[in-house]
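In what follows, a single structure is set out as structure tokens and then discussed.
Only heavy atoms go into these numbers, but all of them, side chains included; no hydrogens, no water, no symmetry mates. Each chain gets a letter, A, B and so on, in the order the sequences are listed, and its residues count up from 1.
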Amino acid sequence: MERDELVSPFTAQVIAIIRTIPSGKVMTYGQIAALAGSPRGARQVARILHSMSKKHQLPWYRVISSKGEISLKDDEQKMALQLEGVEVNNWSINLSIYQYYPDNNA
DNA sequence: TGAATGACAACCC
DNA sequence: CGGGTTGCCATTC
């Protein structure tokens, strides 16, 4: 059971960032990774989600690929996004509209 | 300790 | 636009 304080700062940041994603918005892996301190750490974000999403109450379904598509193509994820107001077209989402840009001054 | 893994990104054709 | 290849880097075995 890894606490945020025990995991690496990068992981803790990723988790914190995901928690700031508001309803009806989404973020890409690369964006989260960059905000967490590793612009090339998109893959770690994916791994973190896999590893921590069940331990943390992370809205992982708000995290999508940079192409604006859902990764797992899971019906629940798609449904959850739509319920939040995100228009999902065949697993694709219009990032121009739904991508969330958090403030550095969180 | 070292090597493999991975819910990706970017680039190239 | 679509498919394939390379790069990245923390986590896990």
Query raised in the report: Out of curiosity, A:Gln77 CD to A:Arg62 CZ, how far, rounded to the nearest 0.5 Å?
Result: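 A:Gln77 atom CD to A:Arg62 atom CZ measures 11.5 Å (nearest 0.5 Å).
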Query raised in the report: When rounded to the nearest 0.5 angstrom, what distance separates OG in A:Ser65 from OH in A:Tyr29?
Result: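 Answer for the OG-OH pair, A:Ser65 versus A:Tyr29, is 7.5 Å.
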In whole Å, what is the span from the [atom1] atom of [X] to the [atom2] atom of [N]?
X	N	atom1	atom2	value
A:Leu35	B:dC8	CG	C1'	16 Å
A:Leu49	C:dT12	CG	P	13 Å
A:Ile48	B:dC8	CD1	C1'	12 Å
A:Phe10	C:dT12	CZ	P	13 Å
A:Tyr29	B:dA10	OH	P	14 Å
A:Met52	C:dA10	CE	P	15 Å

Query - Exercise: identify the closest heavy-atom pair between A:Tyr100 and A:Lys25 - result: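 Between these two residues, the closest heavy atoms are CB-CB, 3.6 Å.
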**Report entry** Per-nucleotide protein contact string for nucleotides 4-9 of chain C (B base, S sugar-phosphate only, - none; heavy atom under 4.0 Å)
**Finding:** ---BBB
Query raised in the report: Quick one: is A:Ser51 getting a side-chain N or O under 4.0 Å of the C:dT12 phosphate, OP1 or OP2?
Result: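 Yes, because at least one side-chain N or O of A:Ser51 sits under 4.0 Å from OP1 or OP2 of C:dT12.
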Requested in this report: Determine, using the 4.5 Å side-chain heavy-atom cutoff (strictly less than), whether A:Val26 and A:Met79 are members of one ILVMFWY cluster.
Outcome: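 Different clusters: A:Val26 never reaches A:Met79 through Ile, Leu, Val, Met, Phe, Trp or Tyr contacts under 4.5 Å.
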**Report entry** Flag, side chain of A:Thr20 to backbone of A:Ile17, donor-acceptor distance under 3.5 Å
**Finding:**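 Yes, the answer is positive, given that a donor and an acceptor are paired below the 3.5 Å cut-off.
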Requested in this report: Please tell me which of A:Arg47 and A:Ser66 maps to the more 5' nucleotide of DNA chain B, matching each residue to the nucleotide holding its nearest heavy atom.
Outcome: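 By nearest-heavy-atom nucleotide position, the 5'-most residue is A:Arg47.
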Requested in this report: Could you walk me through whether A:Glu76 and A:Tyr61 pass the side chain to side chain contact (heavy atoms under 4.5 Å, CB included) test, one step at a time?
Outcome: CA-CA 9 Å; A:Glu76 283 186 62; A:Tyr61 51 84; over 6 Å; no
